[in-house]
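First up is the structure itself, then whatever we jot down about it.
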Amino acid sequence: MTDIVPQLVDWYDREQRDLPWRRPDVSPWQVLVSEFMLQQTPVARVEPVWRAWVARWPTPSATAAASAADVLRAWGKLGYPRRAKRLHECATVIATDFGDAVPSDVETLLTLPGIGAYTARAVACFAYRRRVPVVDTNVRRVVARAVHGRADAAPSSSPRDLADVEALLPDEALAPKFSIALMELGATVCTARAPRCASCPLSVCAWRSRGFPASTAPARRVQRYAGTDRQVRGRLLDVLRGRDSPVTRAELDVVWLSDTAQRDRALDSLLVDGLVEQTADGRFALAGEGD
DNA sequence: CACTCGTGGGG
DNA sequence: TCCCCAAGAGT
């Protein structure tokens, strides 16, 4: 197969987006913060929150010193607030157990809260220039198309995905740029819907050479949102983010009147997740309010 | 492995 | 309008 490395790297040099966490003066911790925020949240929404976040809390220890409630407020409406809680926990572990320095090896990173297979490799590669395969949804889609000639990635099978990318990965000097370029291609050209193949820098693509066969994967279950517990949790948390002192149960109840059992279940799950706490007098607040 | 967990912009 | 889905992780 034609070597895609120079094609991809040259394209990235020309076309890369100017994202703040890619700049050379950004610390490993700040890269890690960006990776937490980018888990399932689009770049455009992350950017302003990341800027404010790293200006306010530039290090793990600074983040750990903040209250959980302030962390949840700074997270704002990025979604999946458990990520904010895990980021706070991650900062605490790094500050206390690792001398305020983000670990650089994948194995250690994987032991930290909120860091899984993707984020561990992204930090090792992008923050520490390690030659490790970085596999996210964009990379899996690009490899499925360009290498395997399929419209979509197969359901995630980590070992095989890692091996696929490992086979493409150049030497250490070029590996980080290659991996970020692969992700960038998937994010801006080889997109899930309406890929812009006319703008693709790859001279060889198995999917194209096979005539763009349609997806054979069974239609994915739609991820409904309206009416789910997640929506109720979102509304409850939105009330608490806007208040700096505990609120009564009645003030929370008004956000979801149609199904009181569901509302109770959602509030209970927020307590279980440690995102919300109940005061001695029975009112509710963001976890860690007042810490 | 299947499922849960927020939010909002674009096709 | 409605639906898809966006740099995943944990259970």
Side-chain angles (χ1 to χ4, degrees), chain A residues 12 16-17 19-22 30-50 72 75-87 89-90 109-127 133-143 152-158 161 165 176 179-188 190-196 215 217-241 255-256 262 265-266 268-270 272-276:
Chain A
Y12 182 76
Q16 63 176 283
R17 293 169 293 177
L19 302 178
W21 45 84
R22 290 178 179 169
Q30 293 166 350
V31 171
L32 177 55
V33 171
S34 78
E35 296 299 345
F36 265 84
M37 293 182 174
L38 288 163
Q39 292 168 2
Q40 299 284 282
T41 301
V43 164
R45 220 176 308 162
V46 165
E47 195 166 341
V49 178
W50 181 87
L72 286 168
W75 192 261
K77 307 197 79 168
L78 288 182
Y80 293 148
R82 292 192 295 193
R83 290 181 296 160
K85 180 177 170 54
R86 288 177 186 142
L87 178 57
E89 294 166 352
C90 190
L109 285 162
L110 283 171
T111 69
L112 300 175
I115 297 188
Y118 162 75
T119 303
R121 290 178 174 78
V123 170
C125 180
F126 302 140
V134 181
V135 180
D136 76 330
T137 184
N138 290 309
V139 171
R140 297 201 307 116
R141 183 175 56 252
V142 172
V143 170
D152 305 296
S156 178
S157 67
S158 183
D161 293 334
V165 176
S179 282
I180 196 66
L182 209 49
M183 290 174 58
E184 187 81 345
L185 189 72
T188 64
C190 194
T191 53
R193 285 179 301 177
R196 301 165 48 222
S215 172
R220 245 180 37 186
R221 224 166 73 343
V222 286
Q223 179 171 293
R224 189 179 77 266
Y225 178 62
T228 62
D229 288 8
R230 272 185 299 158
Q231 184 179 28
V232 186
R233 285 166 55 105
R235 289 194 186 180
L236 293 170
L237 216 51
D238 197 41
V239 170
L240 296 174
R241 274 194 303 262
V255 305
W256 199 260
Q262 183 182 35
R265 183 171 68 241
D268 187 60
S269 73
L270 289 171
V272 169
D273 285 350
L275 296 170
V276 173

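Everything numeric here is computed off the predicted structure, so don't read it as measured data. Values below: all heavy atoms of this structure, side chains included; hydrogens, waters and symmetry mates excluded. Just so it is clear: chains get the letters A, B, ... in the order the sequence lines come, proteins before strands, and each one is counted from 1.
- Regarding contacts with the backbone of dG8(C), a side-chain N or O of Q40(A) is found under 4.0 angstrom from either OP1 or OP2.
- Regarding L237(A), its CG atom lies at a distance of 19 Å from the P atom of dT4(B), rounded to whole Å.
- Each of T191(A) and A120(A) was matched to the nucleotide of DNA chain C holding its nearest heavy atom; the match closer to the 5' end belongs to T191(A).
- Residue L182(A) is out of contact with every strand shown, counting any heavy-atom pair closer than 4.0 Å.
- Among the protein residues, W75(A) comes within range of no part of the nucleic acid, since none of its heavy atoms lies under 4.0 Å from any strand.
- Under the 4.5 Å side-chain criterion, counting only non-hydrogen atoms from C-beta, F36(A) is in contact with R86(A).
- At whole-Å resolution of the value, CZ in F36(A) and P in dA9(C) are 9 Å apart.
- Nucleic acid contact class of T228(A) (heavy atoms, under 4.0 Å, all strands): none.
- Under a 4.0 Å N-O distance rule, the pair D152(A)/R140(A) does not qualify as a salt bridge.
- For dA9(C), neither phosphate oxygen OP1 nor OP2 lies less than 4.0 angstrom from any side-chain nitrogen or oxygen of Y118(A).
- Mapped onto DNA chain B by nearest heavy atom, G79(A) and A194(A) fall at different nucleotides, with G79(A) at the one closer to the 5' end.
- Contact check, T41(A) against dG6(B): no side-chain N or O comes under 4.0 Å of OP1 or OP2.
- Distance from the side chain of K77(A) is smallest to dG8(B) among dA7(C), dG8(B), dA6(C).
- Between C190(A) and the choices V139(A), L182(A), N138(A), V142(A), the side-chain contact (heavy atoms from CB on, under 4.5 Å) rule is met once, by V142(A).
- Comparing L38(A) and G114(A), the nucleotide of DNA chain C nearest to each residue sits closer to the 5' end for L38(A).
- Among the heavy atoms of the strands, none lies under 4.0 Å from P155(A).
- Considering only side-chain N and O atoms, R241(A) lies under 4.0 angstrom from the phosphate OP1 or OP2 of dT7(B).
- We find that CG of D268(A) is positioned 12 Å from P of dC5(B), with the value rounded to whole Å.
- In this structure, CG of L78(A) is placed 10 Å from P of dT7(B), rounded to the nearest angstrom.
- Annotation: side chain of T119(A) is not in contact with side chain of L109(A) (no heavy-atom distance under 4.5 Å).
- Between the P atom of dA6(C) and the CZ atom of R17(A) lies a distance of 12 Å, rounded to the nearest Å.
- Residues R230(A) and R235(A) fail the side-chain proximity criterion, which asks for heavy atoms closer than 4.5 Å.
- Here A117(A) lies in heavy-atom contact (under 4.0 Å) with sugar-phosphate atoms only.
- Using a 4.0 Å heavy-atom cutoff across all strands shown, A192(A) reaches sugar-phosphate atoms only and no base atom.
- For V43(A), the listed nucleotide lying nearest its side chain is dA7(C); candidates were dG6(B), dA6(C), dA7(C).
- Between W21(A) atom CH2 and dA7(C) atom C1' there is a gap of 9 Å when expressed in whole angstrom units.
- When distances run from any side-chain atom of R22(A) to the nucleotides dT7(B), dA7(C), dC5(B), the shortest one goes to dA7(C).
- Residue side chain R45(A) reaches the base of dT7(B) through a donor-acceptor N/O pair under 3.5 Å, judged by distance alone.
- Looking at the side chain of D136(A), the nearest of the listed nucleotides dT7(B), dA7(C), dG6(B) is dA7(C).
- Between L185(A) atom CG and dA6(C) atom C1' there is a gap of 16 Å when expressed in whole angstrom units.
- Taking the P atom of each, dA7(C) and dT4(B) are spaced 22 Å apart, rounded to whole Å.
- If you check every strand for non-hydrogen atoms under 4.0 Å, S34(A) touches nothing.
- Between Q262(A) and Q231(A), the closest side-chain pair of non-hydrogen atoms is not below 4.5 Å.
- Between the P atom of dG10(B) and the CZ atom of R193(A) lies a distance of 11 Å, rounded to the nearest Å.
- Considering only heavy atoms from C-beta on, V43(A) comes within 4.5 Å of R17(A) through its side chain.
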